[in-house]
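Everything below concerns the one structure shown next.
Positions are given from 1 along the sequence.
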Amino acid sequence: MAGLSLPYQVAAAVALAVIGLAACLHVAVVFLHVAPSNTLTKEHGAAVDAWVMPEFEQNWKLFAPNPLQQNIAVHVRAEVVGDGGRRVTPWIDLTGEDGAAIRGNPIPSHTQQNELRRAWDFYANQHGDDGRGSGLRAELSERYIRRIAMDRLEDHRLGGRIERIQIRSSTTGVGAPPWSDEKIDTRPFRRVLPWWTVTAADLPGGVTGGRATEVAR
């Protein structure tokens, strides 16, 4: 900064101060999110959740006495309308695509590692096995997983306009090590969600990938 003129030095100092203040504010809000219930969280809990959820949600599962012992894969398929009529695509393994992008990458992105996994965890925690949820968090989790699915489908040439999507999860238990006598069922368990009609709210990046303009209206 010493080589800059005075006006640029002032602008740079102000920019750094704003960035530092924003970073401190973010850390403070995330701390309140994971902290035990207190006076601040009781009074401003809604504002804290609105800032943290869903992108910055935190949990302590890594340090739990019983860490996660399941592999969960999220799949999506779409109902597409094109020149050949209406058809349903095969299931696309979104989790497998993330895994392929991570393998061999010494510095994988946070998005590749956690976005889809955390989004599904968020959805599953807000909905029962029957797919029913209630409240703002349940609605938010559904919109979030739908947007991620549509964003990932942008990379697939499906040959038409996407009208509906369906998501499912495949949960497989991690087998016990050879030295253990523990019996673990490693058969996959699938949870299939209902078909969702695509709306403009599911298209954060705009209408591309062969989808008709009227879908976004």
Side-chain angles (χ1 to χ4, degrees), residues 33-34 52-80 87-135 137-158 162 164-198 202 204:
H33 177 71
V34 300
V52 173
M53 303 296 292
E55 287 85 356
F56 306 116
E57 184 183 6
Q58 308 290 310
N59 65 62
W60 301 101
K61 289 182 179 178
L62 176 63
F63 306 101
N66 295 308
L68 294 176
Q69 297 178 326
Q70 297 174 327
N71 289 320
I72 302 177
V74 179
H75 306 153
V76 65
R77 63 178 178 177
E79 184 178 81
V80 179
R87 64 182 181 87
V88 176
T89 68
W91 288 104
I92 299 172
D93 186 356
L94 301 181
T95 301
E97 292 179 350
D98 282 353
I102 291 172
R103 292 187 188 95
N105 186 349
I107 48 173
S109 72
H110 178 75
T111 299
Q112 291 170 333
Q113 297 180 78
N114 296 310
E115 181 186 56
L116 180 62
R117 179 183 63 83
R118 297 296 297 121
W120 177 255
D121 189 49
F122 182 30
Y123 177 89
N125 288 336
Q126 301 302 320
H127 293 78
D129 292 337
D130 58 358
R132 294 183 178 180
S134 60
R137 290 168 67 88
E139 180 183 349
L140 178 62
S141 68
E142 180 178 320
R143 292 203 309 266
Y144 190 40
I145 195 72
R146 289 171 62 164
R147 286 190 178 189
I148 291 175
M150 289 300 298
D151 183 59
R152 302 295 179 87
L153 288 175
E154 289 285 332
D155 298 330
H156 296 266
R157 296 184 179 275
L158 301 180
I162 301 174
R164 297 196 302 167
I165 61 173
Q166 188 177 34
I167 296 173
R168 76 178 183 188
S169 68
S170 179
T171 303
T172 306
V174 177
W179 45 262
S180 174
D181 296 329
E182 185 179 3
K183 304 298 182 183
I184 298 177
D185 187 356
T186 57
R187 292 174 297 180
F189 168 77
R190 290 191 173 92
R191 176 178 177 179
V192 183
L193 305 186
W195 283 96
W196 286 328
T197 300
V198 175
D202 302 323

Going by the angle between their ring planes, with limits at 30° and 60°, are Y123 and W196 parallel, tilted or perpendicular? perpendicular

Hey, is the main chain of [Y] close enough, under 3.5 Å, to the side chain of [X] for a donor-acceptor pair?
{"X": "T95", "Y": "V74", "result": "yes"}
{"X": "E79", "Y": "R87", "result": "no"}
{"X": "Q166", "Y": "L193", "result": "yes"}
{"X": "T89", "Y": "A78", "result": "yes"}
{"X": "S180", "Y": "P177", "result": "no"}

Spacing of [atom1] belonging to [X] relative to [atom2] belonging to [Y], to within rounding of 0.5 Å:
{"X": "S170", "Y": "R191", "atom1": "OG", "atom2": "CZ", "answer": "13.0 Å"}
{"X": "I162", "Y": "R77", "atom1": "CD1", "atom2": "CZ", "answer": "14.0 Å"}
{"X": "T171", "Y": "I72", "atom1": "OG1", "atom2": "CD1", "answer": "4.5 Å"}
{"X": "D202", "Y": "R146", "atom1": "CG", "atom2": "CZ", "answer": "4.0 Å"}
{"X": "N125", "Y": "D121", "atom1": "CG", "atom2": "CG", "answer": "4.5 Å"}
{"X": "H127", "Y": "E139", "atom1": "NE2", "atom2": "CD", "answer": "9.5 Å"}

Please give me the minimum heavy-atom distance between [X] and [Y], naming the atom from each residue.
{"X": "T186", "Y": "T172", "value": "O-CG2, 3.1 Å"}
{"X": "A176", "Y": "E182", "value": "CB-O, 3.5 Å"}
{"X": "F122", "Y": "R137", "value": "CZ-O, 3.7 Å"}
{"X": "A149", "Y": "I165", "value": "CB-CD1, 4.1 Å"}

My understanding is that only one of R152, H156, H75 makes a side chain to side chain contact (heavy atoms under 4.5 Å, CB included) with I92; could you say which?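 Answer after filtering R152, H156, H75: H156.
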
Below 4.5 Å, heavy atoms only, C-beta onward: do [X] and [Y] meet side chain to side chain?
{"X": "I184", "Y": "V174", "value": "no"}
{"X": "I167", "Y": "V192", "value": "no"}
{"X": "S169", "Y": "W120", "value": "yes"}

In terms of side-chain geometry, is the basic nitrogen of D93 or R168 positioned less than 4.0 Å from the acidic oxygen of its partner?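 Looking at D93 and R168, the cut-off is not met.
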
